[in-house]
There are 2 protein chains.
Amino acid sequence: MSEARDYKVIGTRVVRPDGVDKVTGRANFGADFSLPGMLYGKVLRSPHAHARIKKIDTDAAAKIEGVYAIVTGADFPKVGHEEITGGEGAGDFADLATNVMARDKVVYHGHAVAAVAAKTSAIADAALAAIKVDYEQLAPVMDLDTAMADNATLIDERLFTAGLPEKPTKPSNVAAYMEFKRGDIAQGFAQADVVVEGTYRTPTVHQGYIEPHACVASINQGGQATIWCCTQGHFDVRSMTSKVLGMNVADIRVIPSEIGGGFGGKTTIYLEPVAMVLSKKSGRPVKMTMTRDEVFRASGPASATKCTIKIGAKKDGTFTAMSAWLAYEAGGYKGSSMAPGAMCVFAPYVVPHFLIQGYDVLVNKPKVAAYRAPGAPQSMYACESLIDDLARQLKIDPIDLRLKNAVSAGSQAAYGPKFNAVGFKECLEAAKKHPNYTKKLGPNEGRGLAAGFWFNAGMQSSAEVHINENGTVTVVEGSPDIGGSRASMALMAAEELGVPYERVRVVVADTENAGYNNVTGGSRVTFATGMAVIQAAGDIIAQCKQRAAATWGIEADLVDWKDGEAIPKPGVNADVKPLTLAQIAANSGRTGGPLLGRASLNARGAGPGFSINMADVRVDPETGKVDVLRFTAIQDAGKAIHPAYVEGQMQGGAVQGIGWALNEEYIYDSKGVMQNAGFLDYRMPVASDLPMIDTQIIEVPNPSHPYGVRGVGEVPIVAPLAAVANAVRAATGIRIPDLPLSPPRVLAALEAAKA
Amino acid sequence: MSEARDYKVIGTRVVRPDGVDKVTGRANFGADFSLPGMLYGKVLRSPHAHARIKKIDTDAAAKIEGVYAIVTGADFPKVGHEEITGGEGAGDFADLATNVMARDKVVYHGHAVAAVAAKTSAIADAALAAIKVDYEQLAPVMDLDTAMADNATLIDERLFTAGLPEKPTKPSNVAAYMEFKRGDIAQGFAQADVVVEGTYRTPTVHQGYIEPHACVASINQGGQATIWCCTQGHFDVRSMTSKVLGMNVADIRVIPSEIGGGFGGKTTIYLEPVAMVLSKKSGRPVKMTMTRDEVFRASGPASATKCTIKIGAKKDGTFTAMSAWLAYEAGGYKGSSMAPGAMCVFAPYVVPHFLIQGYDVLVNKPKVAAYRAPGAPQSMYACESLIDDLARQLKIDPIDLRLKNAVSAGSQAAYGPKFNAVGFKECLEAAKKHPNYTKKLGPNEGRGLAAGFWFNAGMQSSAEVHINENGTVTVVEGSPDIGGSRASMALMAAEELGVPYERVRVVVADTENAGYNNVTGGSRVTFATGMAVIQAAGDIIAQCKQRAAATWGIEADLVDWKDGEAIPKPGVNADVKPLTLAQIAANSGRTGGPLLGRASLNARGAGPGFSINMADVRVDPETGKVDVLRFTAIQDAGKAIHPAYVEGQMQGGAVQGIGWALNEEYIYDSKGVMQNAGFLDYRMPVASDLPMIDTQIIEVPNPSHPYGVRGVGEVPIVAPLAAVANAVRAATGIRIPDLPLSPPRVLAALEAAKA
């Protein structure tokens, strides 16, 4: 990677290729696809949070005219236990199968128990109403304390905690334990001048993507199937559906639609196998779409957590020891984002002695899914809140305290590897210099600051580059565009090939047309798929050099590629005119056929991303309402390929983090039924709730990427929770450890403090 | 090419991959695609065969509720003259543009003059009825004799004959002249013991594909467009539409549907640019489908022809001279298949002196398109009929006469190049041995025999091979499957990779997903795209060797690929187990990422194809009806990749040729209006009209292809015309030179002979 590289288009704010279709309503999302003869599929969902299914009677439903198929768990194969890999989040294929359609037991309110396919949506509703299910109700286990209690009701009686140092002797709701440690924690705390500790809780929250899950599935009598759906990873939809249904991956083609938000929540499957089995049974294509209510109750929200953090420090602020006890709700099946939460919690800091303990815990809520930097916002909320209190106690500026302990190139991350160049200190220094850090505050106002971190992922990507006959460029890739990847891929291809951005078109191809790609997640696409695009463009350049060499009658290694043209290398004695990509393309039939480049890789060397967020809030002492007055997001992007998109990611993540901090939560009644499954009652921030999010991109290039790219999509959601909470602490003088800092909770804390 | 190669799957009759969907009605053809908000487009067509458009009044139509857009020629850009290349057939982009939508003049009955897009099909019909067009009628020019007459009405007053030895001084309906010649024709005829001559006419016939033309076009406000359509060449739809509309090819994505037959007739565009302009004007997607009536009147049938052939021969049958005068109707715009007709007419024979003269002639009929071996059936019908008469006159067996003059490896084809290994003599010898050649005939029965030839094409193809995570194989290619190419590509990929056929899936990708491919035509796909697939599979094998070598810690050039496994080369000292493709695929993430192969080429060395057809007919002396009793098709396939498909091609071509010989013709009234534009009146043969077509595949490998493939799709339609006509001659004793040999014509000839 050459830092001195003089970019032509990288770093410019070009027009996004999908913009026109999206703003004019022309873009086709998951629910916009239809086929001749298509039926409408709907799911019958459990009215109980925890129950055994004794009997399902579908006879009356089957008699309704226009009902073509009814399926229950009995229509799905038994799937063996096998860990799900390659995607985001965690889990097991056997659980995935019973999450998609319950068999003997329902483990959350909204769990699928049957489904129908009918000629119309109304007939499907009538059929659902006619299905009778006998349940044996069980006590719902709705929080971590209840679930982890010694005598807890067991959600899965065959589940023994994995990962414990000693083999467990009895089943438990704790599905897994893991730890990271270094040094001697007792010795570390003994060296400390001051030790602080706190316990923090975060609620179940949802990604809140605008577009509900939707798909059309069609399987023919030969067993060959096509699924159209909105997803972050159509190769994962293919592999997961094949596992759940016992099919050959080669028999399933998955075509991704445009995606109306995912944020990790569209990295798994819900409707797809159900639509497939309905299609098989009915002999027709079947469309299924979730309502918003179903999205809340039966897709995958983020874990509620309980985290206890303890930090020991010298008077000068040097950390001597840190410990974290992290419990993450998994929902009805095992597999939360506890592990990445544990990886991230202390990642920004150098500390000689630490112990991180993580617990993955079953509760009777929907199985969690990935949510933007999965696991990190919760654990780092706890740690960054406690550091804020420590700074106050030590009377050290919170930026200086972090700078004193900050990791840099060569530091060993708490989760294992040594950091290469990272931009944490650069973010802290930028925050210190930022005018928003010293703006004057008024009464009831407070300023909070916190750090964010995400390790970012590499994983497998493929790309192909086709040169059209007029020299325009088509990039074929298999990573759904959830955050501007078509623009960034086009920029990278244009940069490499030396052609204008406008001459490059990027297409997100389906599982049959694209080479294999891991999920769009982990902030990996611009990094890894981008690298594949760069290499595929390099393949084209190599071919262009050969074509030019053949045209000129010289050796290919005497040809250079510069500014979109083949030229003889300096000193080569060839009296020839440069050949542009368009000229080589126009002549390609005579020089060996179409120009077609490809690359695939398993990308190594993803660049970890750090951020500092600052929030200014005003707390209304009469209502407890918190208003965010200013919000500043500072983040190391490595190299911002398309700065406006990077800023958009920073702003979007900030808004989601602010919602998590202030208002969002699943509210359950005593029977485990969610009470606020709609956007009127589940309060996500809207534009009028928010100030402009100020952004500052820091660029400390990732040495492992040709342009220095780090992932940028996930870091932005990590720091806002603690930044806002620390601001509320500053404004009120009260540390409220549990999120959300909603008006009732803040008001109660204010009143308790007064009393 | 190794003839000794021991094939594992090549040459087997595997199940076709598209069969289930096609027989169950699941396959989606051109008209099966729909989009939200889509409108229905329809075309107003000229009621006159030849007229000037004085005025088009669309005001009343525009006022109809539900009409969203009306377009006429004024809505289309002016397109410069430029020859259409890369496809099948011939022509000029300026003509293509006015054929798609007339401007000042209509040149055939059914010519498009306006189009509407409306909410429903019925509203669109009402709008068409409300459009008023003022025409100035001109005399229609409906046949070659009229068109070529000195004082003919001119269809295009600015048209001067191209290709003449001397520059023409006045415009003409003859658009082009070309000739092939060798030796001294006068000297050749002077050396002959016998000279025969005949003039033969063939009618306008249609390819008769089951599926009418259909498309959906959608263009957004940013100018980016998608076209879904049935076509033999979506890259040609893209390039032609971009030329006709002045768009950038990169702004048009063309997605090919399944195709319900094309036979050359779907190598050009009709509705696509019209739907696009309607979409642009209405801001909505627009679907257009032709009725059968429109297909007959306004798509591209095959040329009617008039051919005069003259042959001089020694008594022993040795040809001394041949001449051909070939006139081909082009329809309302220039560009018939006269040139390939001229290339093929004498191609099977060695003759020292010949002259072939071809004429491309405008008439007031729809612009012709390619039809299976375009041009060859007509000219070779004439030549093979005359050779039949010559054999009778010389009292030489018609097979022996052809064997005496037949080309073989090293012969110089009449159209220029030297033949490499060809199988003409092998076909003739097989015919002679065939039991059908000596079966006894009854009263009013006759046997006819004729040769067929097609040079076959190469052209540009691309292919990609993706290996899925379970080792299954996806081949991505861009040649629409009109005759089984998905099966043959899968067989070739399976053979190369050493995996079972069932593990390979082939997808025909759109213009954005596939590398560039020329049209599916010229019998080029199994040859050229197949070669690209073989090379792309080779790319995969090379990568697999590298992955295996890396796994084993040896050099890649020490690894062999055999029976789907990487193994160390003999003698290599490596104690390792073979790695299957599936094992390498499963591990590919750890060895460098997904396996992705690609190849592109401009294929050279297409293998010319020869055939001998034999027909036994019975002629009803009372009605003139000809029944085909037996039909035998013998053809050199080079190497039959999938013999059942090859036989299917031979049978299908025979049936189309029989229809051409016996019944099919455009019947016009005196005003140039076709009288039989429907399958009830345009008599194509149906199953009950036909015997089983007997086939015999000859395999003389093409030395330029790894497996020896020649094209097989076009040769089969060439010989049946003369074979049937020669059989009728044999049955009746009367040579009827003009096709079709329909009951009225045969009866008239029988009665004339009696009189």
(request) Return the option, out of A:G19, A:S34, A:S461, with the maximum number of heavy-atom pairs under 4.5 Å with chain B. (result) A:S461
(request) Determine whether the side chains of A:T529 and A:S479 contain a donor N or O and an acceptor N or O closer than 3.5 Å. (result) yes
(message) Using heavy-atom distances under 4.5 Å, tell me whether A:R590 contacts chain B through its side chain, its backbone, both, or neither.
(response) backbone
(request) Would you verify whether the NZ or CZ of A:K287 falls within 45 degrees of the ring axis of A:Y40 while also being under 6.0 Å from that six-membered ring's centre? (result) no
(request) Using atom types as modelled and distance alone, determine if a side-chain donor or acceptor of B:S279 lies under 3.5 Å from a backbone N or O of B:A275. (result) no
(request) Give a yes or no on whether a salt bridge exists between A:E469 and B:K243, defined as a side-chain N under 4.0 angstrom from a carboxylate O. (result) no
(request) Please look at B:R505 and chain A and tell me whether the side chain, the backbone, both or neither of the residue comes under 4.5 angstrom of a heavy atom of that chain. (result) side chain
(request) Measure B:S242 against the heavy atoms of chain A and call it side chain, backbone, both or neither at under 4.5 Å. (result) neither
(request) Look at A:S239, A:G592, A:S588 and state which one has the largest set of heavy-atom pairs under 4.5 Å with chain B. (result) A:G592
(message) Could you tell me if A:R238 and B:N468 have a donor-acceptor pair between their side chains, going purely by distance under 3.5 Å?
(response) yes
(message) The test is side-chain hydrogen bond (donor to acceptor under 3.5 Å, both in side chains); show your working for B:S462 and B:S600 and say whether it passes.
(response) CA-CA 4 Å; B:S462 304; B:S600 64; 4.9 Å; no
(request) Please flag which part of B:T591 lies under 4.5 Å from any non-hydrogen atom of chain A: side chain, backbone, both or neither. (result) neither
(request) For chain A, find which of B:G222, B:P36, B:G589 contributes the most heavy-atom pairs closer than 4.5 angstrom. (result) B:G589
(message) Taking side chain as everything from C-beta outward and backbone as N, CA, C, O, which of these in B:D539 sits under 4.5 Å from a heavy atom of chain A? Side chain, backbone, both or neither.
(response) side chain
(request) Taking A:D21 for its side chain and A:D18 for its backbone only, find out whether a donor-acceptor pair lies under 3.5 Å. (result) no
(message) So which residue, A:N517, A:N248, A:V15, ends up with the most heavy-atom pairs under 4.5 Å with chain B?
(response) A:N248
(request) Flag the pair B:H466 / A:Y516 as yes when their ring centroid distance falls below 6.0 Å, and as no otherwise. (result) no
(message) Between B:A514 and chain A, with a heavy-atom cut-off of 4.5 Å, which part of the residue counts as in contact: side chain, backbone, both or neither?
(response) backbone
(request) Of all the heavy-atom pairs spanning B:A214 and B:T289, show the shortest one and how long it is. (result) CB-CG2, 3.5 Å
(message) Taking side chain as everything from C-beta outward and backbone as N, CA, C, O, which of these in B:A463 sits under 4.5 Å from a heavy atom of chain A? Side chain, backbone, both or neither.
(response) backbone
(message) Looking at every non-hydrogen atom in both residues, tell me the closest pair between A:P285 and A:V216 and how far apart they are.
(response) CB-CG1, 4.4 Å
(request) Measure B:P17 against the heavy atoms of chain A and call it side chain, backbone, both or neither at under 4.5 Å. (result) backbone
(request) With a 4.5 angstrom heavy-atom cut-off, could you sort out which part of B:A532 is near chain A: side chain, backbone, both or neither? (result) neither
(request) Output the option from A:A603, A:G283, A:A509, A:G37 having the highest count of non-hydrogen pairs under 4.5 Å with chain B. (result) A:G283
(message) Below 4.5 Å, heavy-atom pairs only: which of A:T474, A:D251, A:N220, A:V475 has the largest tally toward chain B?
(response) A:N220
(request) Could you check B:R26 against B:V20 for side-chain contact (heavy atoms from CB on, under 4.5 Å), going step by step and ending with a plain yes or no? (result) CA-CA 8 Å; B:R26 254 336 205 337; B:V20 169; over 6 Å; no
(message) Determine whether a donor-acceptor pair (N or O, by modelled atom type, separation under 3.5 Å) exists between the side chain of B:D510 and the backbone of B:I255.
(response) no
(request) Let me know if B:R284 has heavy atoms under 4.5 Å from chain A in its side chain, its backbone, both or neither. (result) backbone
(message) With a 4.5 angstrom heavy-atom cut-off, is it the side chain or the backbone of A:L35 that approaches chain B, or both, or neither?
(response) side chain
(request) Heavy atoms only, distances under 4.5 angstrom: which of A:Q460, A:Q224, A:Q543, A:R598 has the most pairs with chain B? Name it, please. (result) A:R598
(message) Please rank B:V504, B:T472, B:V507, B:N513 by heavy-atom pairs under 4.5 Å with chain A and give me the top one.
(response) B:N513
